[in-house]
Protein chains: 2
Amino acid sequence: MIECSPYKFHVDCPSRKLFEQISDKWSMMILTVLDDGPLRFNEIRRQLEGITQKAQTQTLRRLERNGLVERKVIASSPVAVQYEITPLGRKLQGPFKALYKWTLDYMPEVEKARATYDARIEQVENV
Amino acid sequence: MIECSPYKFHVDCPSRKLFEQISDKWSMMILTVLDDGPLRFNEIRRQLEGITQKAQTQTLRRLERNGLVERKVIASSPVAVQYEITPLGRKLQGPFKALYKWTLDYMPEVEKARATYDARIEQVENV
DNA sequence: CAGAATCCAAACCGATACTG
DNA sequence: CAGTATCGGTTTGGATTCTG
């Protein structure tokens, strides 16, 4: 792990600035569904349970601005818009899949830890 | 990428639940500095520029609850508290480092994309 | 279809003061 | 040292309405 002086994680450290941009609720999921191929606005929507139109628009705009997604307007009536992952966005798939695998592999351990923690806390509070 | 029916990312998908827990502003950074060895509260603080005491406490509690960090109270006067990464937390280092490397490798590309996007937006707005 | 605009409530966040 | 408690200010999030 490379360091950013004088703090390990300086506010100007690229990892902080960039992590903020992709660690929101929906970016990772949108990039993941787009990895299988381009989708239209409502096609994305149908794959992500619970996303609102506003959140989706905002997330897509940020992804587009950061060069991770390309927005293509297809002139027709009514107009069609297609979202496509860029090569840069595709390079995030490796890290994302590693993270995704971790969540599946260790979810049971995390839940066990939570149960233990919550039980201990409750005990302390009920003294 | 494994799917969660009927949506690709169902609300009960482990990846969503767990990703929410670690994708906040500080978790990744705290786990990273703890990877080098256990630290006390204020030692962590000194490595993470801009973190407030409140945010640090909250993040550490969540990490502890999820079994990623262990909190050890050393009886002394004044009391000392040590935070140590757990084996489970350490298993996240691989994915984190992959993500970290991506930010360093592609930050320039992202900034170029932003400049292009912002210039285009400005042009549209100034018509 | 693919959004933009608006409004409101809830969550978060930092600053401050206090404690054993 | 290692926190807890509290209090505004800000941001976020959802629901709703409107548009070409």
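Values in this document were obtained by computation on a predicted structure and should not be read as measured data. Lettering of chains follows the sequences in order, A, B, ..., and the numbering in each one begins at 1.
We find that A:Asp118 and A:Arg114 are not joined by a salt bridge, their nearest charged nitrogen and carboxylate oxygen being 4.0 Å or further apart. Classification of B:Asp24 and B:Arg62 as a salt-bridged pair holds, one side-chain N sitting under 4.0 Å from a carboxylate O. By the 4.0 Å N-to-carboxylate-O rule, B:Glu64 lies close enough to A:Arg120 to be salt-bridged with it.
Computed from coordinates, the A:Gln82 CD to C:dA2 P distance equals 10 Å when rounded to whole Å. Rounded to an integer number of Å, the gap from A:Asp24 CG to C:dC12 P is 15 Å. Rounding to whole angstrom units, CD1 of residue A:Ile44 and C1' of C:dC1 are separated by 13 Å. Separating the NZ atom of A:Lys25 from the P atom of D:dT12 is a distance of 14 Å, rounded to the nearest angstrom. In this structure, CD of B:Glu64 is placed 15 Å from P of D:dA2, rounded to the nearest angstrom. One interatomic measurement links the two molecules: CZ of A:Arg71 to C1' of C:dA4, which rounds to 12 Å at whole-angstrom precision. In this structure, B:Ile30 places its CD1 atom 14 Å from C1' of D:dA2, rounding to the nearest Å. Rounded to whole angstrom, the span from the CG atom of A:Leu60 across to the C1' atom of C:dA4 amounts to 15 Å.
Computed from C1' positions of five pairs at each end, the angle between the two local axes of the helix from C:dC1-D:dG20 to C:dG20-D:dC1 equals 50°, rounded to 10 degrees.
Here the shortest heavy-atom pairing between B:Ser27 and B:Thr59 reads OG-CG2, 3.5 Å.
Formation of a donor-acceptor pair under 3.5 Å by the B:Gln56 side chain with backbone atoms of B:Phe41 is found in this model. No donor-acceptor pair closer than 3.5 Å links the side chain of A:Ser15 to the backbone N or O of B:Tyr100. A donor-acceptor pair is defined here as one N or O able to donate and one able to accept, closer than 3.5 Å; no such pair exists between the side chain of A:Arg71 and the backbone of A:Val81.
For A:Gln56 against C:dA2, a side-chain-to-base donor-acceptor contact under 3.5 Å is absent.
Residue A:Arg40 places none of its side-chain N or O atoms closer than 4.0 Å to OP1 or OP2 of C:dC1. Residue B:Tyr83 places at least one side-chain N or O closer than 4.0 Å to OP1 or OP2 of D:dG3. Within the structure, a side-chain polar atom (N or O) of A:Arg61 is placed less than 4.0 Å from OP1 or OP2 of C:dG3.
Between B:Val79 and A:Ile51, the one whose closest nucleotide on DNA chain D sits nearer the 5' end is B:Val79. DNA chain D is contacted by both A:Trp26 and A:Pro78; A:Trp26 maps to the nucleotide lying nearer its 5′ end (nearest heavy atom per residue). Place B:Gln58 and A:Thr57 on DNA chain C by their nearest nucleotides, and A:Thr57 ends up nearer the 5' end. Take the nearest nucleotide of DNA chain C for B:Lys54 and for A:Lys54: the residue whose nucleotide is more 5' is A:Lys54.
Using a 4.0 Å heavy-atom criterion, one finds that A:Arg45 contacts no nucleic acid atom at all.
With distances taken from any side-chain atom of B:Ala55 to the nucleotides C:dC1, C:dG14, C:dA4, the minimum falls on C:dG14. Candidate nucleotides D:dC1, C:dG14, C:dA2 were compared by shortest atom distance to the side chain of A:Phe41, and C:dA2 ranks first.
Residues satisfying the side chain to side chain donor-acceptor pair (under 3.5 Å) test with A:Arg40, not counting sequence neighbours, are none.
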